[in-house]
Amino acid sequence: MATPQKPAQKKASTNPGFQGVRNAIWIIIACFFLAVAFYQFFLGNPANFQDGSNENAPLNLLGTVYKGGIVVPVIITLLFTVIALSVERTIALSKCFGTQSLQKFVAQIKPQIAAGDFAAAEATCNKQKGSVANVVLASIKAYKEMDEATGLKLAQKVSRIQQAHEEATQLEMPTLQMNLPIIATIVTLGTLTALFGTVVGMIKSFQALAQGGGGDSLELSTGISEALVNTASGILTSWVAVVAYNFFTNRIDKLTFALDEVGYSIAKTFESTHAE
């Protein structure tokens, strides 16, 4: 009695090398401890304050930022996280794109596909590596399978090739988009944290005004300084996060456009060479 075969499973992504940090929580934790150390030992250095004590008025911008209060380490954590994840995404996406530029790869492989030289196309993909090459290889494999398939109409075969291309693309997308939602979240968190710090600083300022007539000018200026420092640092963090997020999403869009272009070429080549 013949042994029943198991259903075929989806092939895992074959991107070589570094594909990204899957547990980004450890990056955030490391950035938090780094931010606290930066706040205490660099911003809070006694040399940044009058009489060598961080309880006194600041002498420079570093001391002024330190006076922003406990919200400052939180904002610095967000900023460090954006920087760390930007480095991580840069390395990971460079592996996904492959060994040469995407434009050169597409320009090289489209004529090979149009000419039906799939041996050369496979060699180009093996040399390129990365997500685009993986998807093209999956589409070429589907092309060959449909070339040998019988009992299917031309439209059905073309549809199968397009389906294989889309499935391979979806298989690569999690690697491409990994950790980008965290950067997108920090865009909002940076602004909200800055607003929180601003409100805390203004509360201290109004408390100083409420004490004995005109209030203590030092307490008043400290509260205003805390509010403005938190506002500025939060806006800076959100600005960096927005730039990083848009940069990486733009790179991913370019990659998906290239995939669509190559996938369309493979489907049209099959349709033109198998016209009924």
Side-chain angles (χ1 to χ4, degrees), residues 8-20 86 88-180 244-276:
Q9 297 180 346
K10 284 187 176 181
K11 184 180 178 182
S13 175
T14 57
N15 285 341
F18 182 75
Q19 297 183 38
S86 297
E88 181 265 349
R89 285 292 83 201
T90 299
I91 299 173
L93 288 180
S94 66
K95 296 295 183 182
C96 292
F97 271 66
T99 56
Q100 64 178 343
S101 69
L102 199 57
Q103 293 80 3
K104 290 182 179 180
F105 173 73
V106 173
Q108 185 177 0
I109 202 167
K110 282 184 65 178
Q112 295 172 345
I113 292 173
D117 190 358
F118 291 103
E122 289 180 353
T124 302
C125 290
N126 292 329
K127 181 181 178 182
Q128 174 72 10
K129 301 180 181 180
S131 295
V132 178
N134 289 340
V135 174
V136 175
L137 285 173
S139 301
I140 292 175
K141 180 180 179 182
Y143 184 107
K144 292 181 177 180
E145 290 176 353
M146 291 302 101
D147 197 24
E148 299 174 357
T150 56
L152 294 174
K153 294 182 178 180
L154 177 60
Q156 292 175 315
K157 293 182 178 180
V158 173
S159 178
R160 294 283 182 87
I161 294 173
Q162 292 173 337
Q163 182 180 359
H165 177 84
E166 292 172 359
E167 289 178 353
T169 301
Q170 292 301 316
L171 192 62
E172 299 292 335
M173 289 308 293
T175 300
L176 297 173
Q177 297 177 339
M178 188 187 305
N179 296 329
L180 284 183
Y245 181 79
N246 289 334
F247 173 76
F248 291 118
T249 52
N250 182 58
R251 292 200 69 190
I252 294 173
D253 287 343
K254 288 182 179 179
L255 187 144
T256 54
F257 291 154
L259 289 177
D260 292 341
E261 184 178 359
V262 176
Y264 178 79
S265 297
I266 294 175
K268 293 301 293 183
T269 298
F270 186 92
E271 188 174 9
S272 62
T273 55
H274 295 75
E276 295 178 344

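Reckoned from all heavy atoms, side chains included, excluding hydrogens, waters and symmetry mates. The structure displayed is predicted, hence computed values, not measured ones. Residues: numbered from 1 along the sequence shown.
- Looking at residues two or more places apart in sequence or on another chain, you find no side-chain hydrogen bond (donor to acceptor under 3.5 Å, both in side chains) involving K254.
- Atom CZ of R160 has 12 or fewer heavy atoms from other residues, nucleotides or ligands within 6.0 Å.
- In this model, a donor atom of one side chain and an acceptor atom of the other lie less than 3.5 Å apart for E167 and Q163.
- Listed by chain and number, the residues in a side chain to side chain contact (heavy atoms under 4.5 Å, CB included) with T249 are L180, Y245, N246 (sequence neighbours excluded).
- For the side chain to side chain contact (heavy atoms under 4.5 Å, CB included) test, residues two or more places apart in sequence or in another chain that qualify with A168 are V135, A138.
- Of all non-hydrogen atoms in T175 and C96, the two that sit nearest each other are CG2-SG, 3.7 Å.
- Pairing each heavy atom of I266 with each of I113, the nearest pair is CG1-CD1, 3.6 Å.
- Heavy atoms only, all atoms of each residue included: S139 and I161 are closest at O-CG2, 4.3 Å.
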Carefully, step by step, assess F105 and V136 under the rule side-chain contact (heavy atoms from CB on, under 4.5 Å). CA-CA 11 Å; F105 173 73; V136 175; 4.3 Å; yes

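- Put simply, the side chain of M146 does not reach to within 4.5 Å of the side chain of V158, judged on heavy atoms.
- Residues L171 and N134 have side chains not in contact (no heavy-atom distance under 4.5 Å, counting atoms from C-beta outward).
- Across F97 and Q128, no two heavy atoms sit closer than the pair O-NE2, 2.7 Å.
- Of all non-hydrogen atoms in L176 and S131, the two that sit nearest each other are CD2-OG, 4.0 Å.
- With sequence neighbours excluded, the residues that form a side-chain hydrogen bond (donor to acceptor under 3.5 Å, both in side chains) with T124 are Q112.
- Evaluation of the side chain to side chain contact (heavy atoms under 4.5 Å, CB included) rule for K268 yields Y264, E271 as partners, not counting sequence neighbours.
- Pairs of residues two or more places apart, or lying in two chains, that qualify as ring pair (Phe, Tyr, Trp, His ring centres under 6.0 Å) and include a residue from residues 107-155 are F118-Y143, Y143-F270.
- Considering only residues two or more places apart in sequence or on other chains, A244 meets the side chain to side chain contact (heavy atoms under 4.5 Å, CB included) condition with V82, S86, I183, F248.
- Between L259 and E172 the shortest side-chain heavy-atom distance does not fall below 4.5 Å.
- Atom CG of D260 and atom NE2 of H165 lie 5.5 Å apart (nearest 0.5 Å).
- Residue K157 holds its NZ atom at 7.0 Å from CG of D147, rounded to the nearest 0.5 Å.
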Check the pair S101 / K104 against side-chain contact (heavy atoms from CB on, under 4.5 Å), numbers first and verdict last. CA-CA 5 Å; S101 69; K104 290 182 179 180; 3.1 Å; yes

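- When the side-chain hydrogen bond (donor to acceptor under 3.5 Å, both in side chains) test is applied to K110, the partners found at least two apart in sequence or on another chain are E261.
- Sorted by first and then second residue, the pairs that involve residues 115-127 and meet salt bridge (Lys or Arg N to Asp or Glu O under 4.0 Å), not counting sequence neighbours, are E122-K144.
- Between A121 and I140, the shortest heavy-atom contact is CB-CD1, 3.8 Å.
- Every residue two or more places apart in sequence or in another chain that forms a side-chain hydrogen bond (donor to acceptor under 3.5 Å, both in side chains) with Q108 is listed here: Q100.
- Rounded to the nearest 0.5 Å, atoms CG (N179) and CZ (R89) are 5.5 Å apart.
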